[in-house]
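All remarks here apply to the structure that follows.
The model shown is predicted, which means the values in this text are computed figures rather than measured ones. Remember, it's 1-based here, ligands and their atoms both numbered in the order they're listed.
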Amino acid sequence: MTSEPTVKTLLILGASGDLTGRLLLPGLARLVARGHAAGLTLVGAGSDDWSQEQWLERLDTAFADANSQANTDGKRELKRIRTSTSYHRLDVTSGGELASLLAGLEGPVAVYFALPPKISQLACEALTPEEVPAGTRLVMEKPFGSSEESARHLNKTLAALVPEDHIHRVDHFLGKATVLNILGLRFANTFLEPVWNREHIEKVEIIFDEDLALEGRARYYDGAGALRDMIQSHLLQIMALMAIEPPASVDERDLRDAVATLLRASSIKAPYAKNTRRARYSAGSIDGRRVPDYAKEKGVDPSRNTETLAEVRVDIDNWRWQGVPFMLRSGKALGSMRKEAIVTFRPVPHLPKGFTGVDSPNQLRIGFGPDTLQFDVDVNGPGNVLSLDRATLKAELSASDLLPYGEVLEGVLSGDPLLSVRADTAEDCWRIVAPVIKAWARDSVPLEEYPAGTPGPEGWPT
Ligand code: NDP
């Protein structure tokens, strides 16, 4: 089945860049091959003086996988995109260049800023509202600003050009299936909601541990680090979905309102030496692969003290969550990959005398990518029915047949901002991490060390 997108033209700025080649175009290809982009035209633009052949070569490489798996209709759609696409050389920061390209495209157009953040900002500042045709959508990549103030400034620039619901601030970590899986689990099961609060939940952990190291991305990562790169954006979004009040619907307004309210109540409190930790990996090995010391990697300035592992305790000051720690942790070059949210329930108030064995707290684990659900419960036996044992109930949650960036683009092309981070939330996420950034800059929290391939510094929970 094919569906027509609201958007007629997808204009990718930064067509020669890494994001476009590695993630955006393959994501688009899968979407196109599955019939979700009927009638769409793709236009690439960049500062490189590329020929049409060079652009087509890039498309062929990025489309190869989707093409090999596509059925006849899918292959025809991919071919149609290839035949109608064009590449334009332009400097997006130079007044008028982007505007005249936009004027010649069939609308509505979605403009994807796959550019360095500073250049995206300059490109938006170079546009005037009259130069942006009605219906245009602006798609902004992360990081969205570098502080609450700069995010506010960028929001103001964008708001002068298009309405808020035409601005897509991308968070590719949260695909639509994942978001709906969390909401479905929480709000379609009566047994969970009555215990989903401070009375019954001891702590919530949200963990994104990567076994990948820097992988040549020093130019971006060394200026960011784990707190800004992962916690400030993706992990706070997941935390919000785990903690929001039940929305009346899953449309963008109800859901994004609930997320914004939750994040407004959230903060990371002093003392930062107790409520936050940071560390940087040293040389080690992961799966037999040697990983050099982060501080000695090409492009890294060791004096910046960039953390490759961060952990913070977030407090949500509302009725439901007062006093419950939300531990958010993310790092690179760790011994094993883990992407999950773990909800630990409080122990039973009284275990009837006579039972033996360990009464461990119940835990609910939601795994991300692939999405899974695990529930750890205490059961009797086997053998001695008085002895308690741990059993795990497991389920696989529904997966999307699109790649993460395919899901992002699907939202953009169909004009659905559900997955996009709203302006106030983008600013609030910076407000939440700002005191930690300051405390770390003052060296109030030691920068610990862990050899690559280990679970983290000694003494940290695993
Ligand atoms: P790259 O540096 O690889 O690519 C940037 C692109 O922008 C290049 O095509 C470059 O062209 C173009 N460009 C730079 N200046 C101009 C200009 N004045 N006019 C027109 N084009 C220009 O960056 P990435 O692709 O890695 O990142 C793009 C964005 O995506 C960033 O915001 C990044 O934070 C975000 N992102 C990236 C991810 C990734 O894995 N790469 C993951 C998540 C987000 P030229 O080479 O000719 O200068």
Sub-4.0 Å atoms of ligand 1 with respect to non-hydrogen atoms of K142: 32 (O), 33 (C), 34 (O), 35 (C), 44 (C)

Min side-chain heavy-atom separation D222-Y294 under 4.5 Å: yes

Ligand 1 atoms in contact with G14 (distance to a heavy atom under 4.0 Å): 6 (C), 7 (O), 9 (O), 12 (C)

Protein residue, atom and distance nearest to atom 20 (C) of ligand 1, heavy-atom basis: L90 O, 3.3 Å

Top protein contact for atom 37 (C) of ligand 1, by heavy-atom distance: L19 CD1, 3.7 Å

Taking atom 19 (N) of ligand 1 as the reference point, the nearest protein heavy atom with its distance: V92 N, 3.1 Å

P143 neighbourhood, listing ligand 1 atoms whose heavy-atom distance to it stays under 4.0 Å: 34 (O)

Parallel, tilted or perpendicular: ring planes of W55 versus Y87, cut at 30 and 60 degrees: tilted

Y450-W460 aromatic ring centre distance below 6.0 Å: no

Between CD on residue E215 and CD on residue E297, distance to nearest 0.5 Å: 8.0 Å

Distance-only polar pair, side chains of E149 and S147, donor-acceptor under 3.5 Å: no

Minimum-distance protein heavy atom relative to atom 21 (N) of ligand 1: S47 N, 3.3 Å

Atom pair OG1/CD of T372 and E340 - distance to nearest 0.5 Å: 7.5 Å

Member of L397, L180, L364 meeting the side chain to side chain contact (heavy atoms under 4.5 Å, CB included) criterion with L185: L364

Structural part of A114 in contact with ligand 1, heavy atom criterion under 4.0 angstrom: backbone

Option passing side chain to side chain contact (heavy atoms under 4.5 Å, CB included) with H234 (candidates M239, H172, K339): H172

Interatomic distance, S420 atom OG to I167 atom CD1 [nearest 0.5 angstrom]: 8.0 Å

Residue portion contacting ligand 1 (non-hydrogen atoms closer than 4.0 Å) for E215: neither

Donor-acceptor side-chain pairing of T20 and Y112 below 3.5 angstrom: no

Heavy-atom gap D91 to ligand 1 smaller than 4.0 Å: yes

I119 N/O under 3.5 Å from ligand 1 N/O: no

Between E97 and H88, a side-chain donor and acceptor under 3.5 Å: no

Rounded distance (nearest 0.5 Å) linking atom OG1 of T136 with atom CG of L11: 10.0 Å

Atom indices of ligand 1 within 4.0 angstrom of R219 heavy atoms, with elements: 2 (O)

Nearest protein heavy atom with distance in Å, relative to atom 32 (O) of ligand 1: L115 O, 3.0 Å

Per-atom contacts, ligand 1 versus P116 - under 4.0 Å to a heavy atom: 5 (C), 7 (O), 14 (C)

Nearest non-hydrogen protein atom, atom 40 (O) of ligand 1: R22 NH2, 2.6 Å

Criterion side chain to side chain donor-acceptor pair (under 3.5 Å) on W50 and S16, from CA distance to verdict: CA-CA 8 Å; W50 271 16; S16 60; 5.2 Å; no

Ligand 1 atoms in contact with G17 (distance to a heavy atom under 4.0 Å): 3 (O), 4 (O), 8 (C), 9 (O), 25 (O)

Top protein contact for atom 26 (O) of ligand 1, by heavy-atom distance: D18 CB, 3.7 Å

Heavy-atom protein contact below 4.0 Å for atom 45 (P) of ligand 1: yes

Heavy atom of the protein closest to atom 8 (C) of ligand 1 (residue, atom name, distance): S16 OG, 3.7 Å

Check: Y405 N/O within less than 3.5 Å of ligand 1 N/O: no

Ligand 1 versus L122: contacting region, heavy-atom distance under 4.0 Å: neither

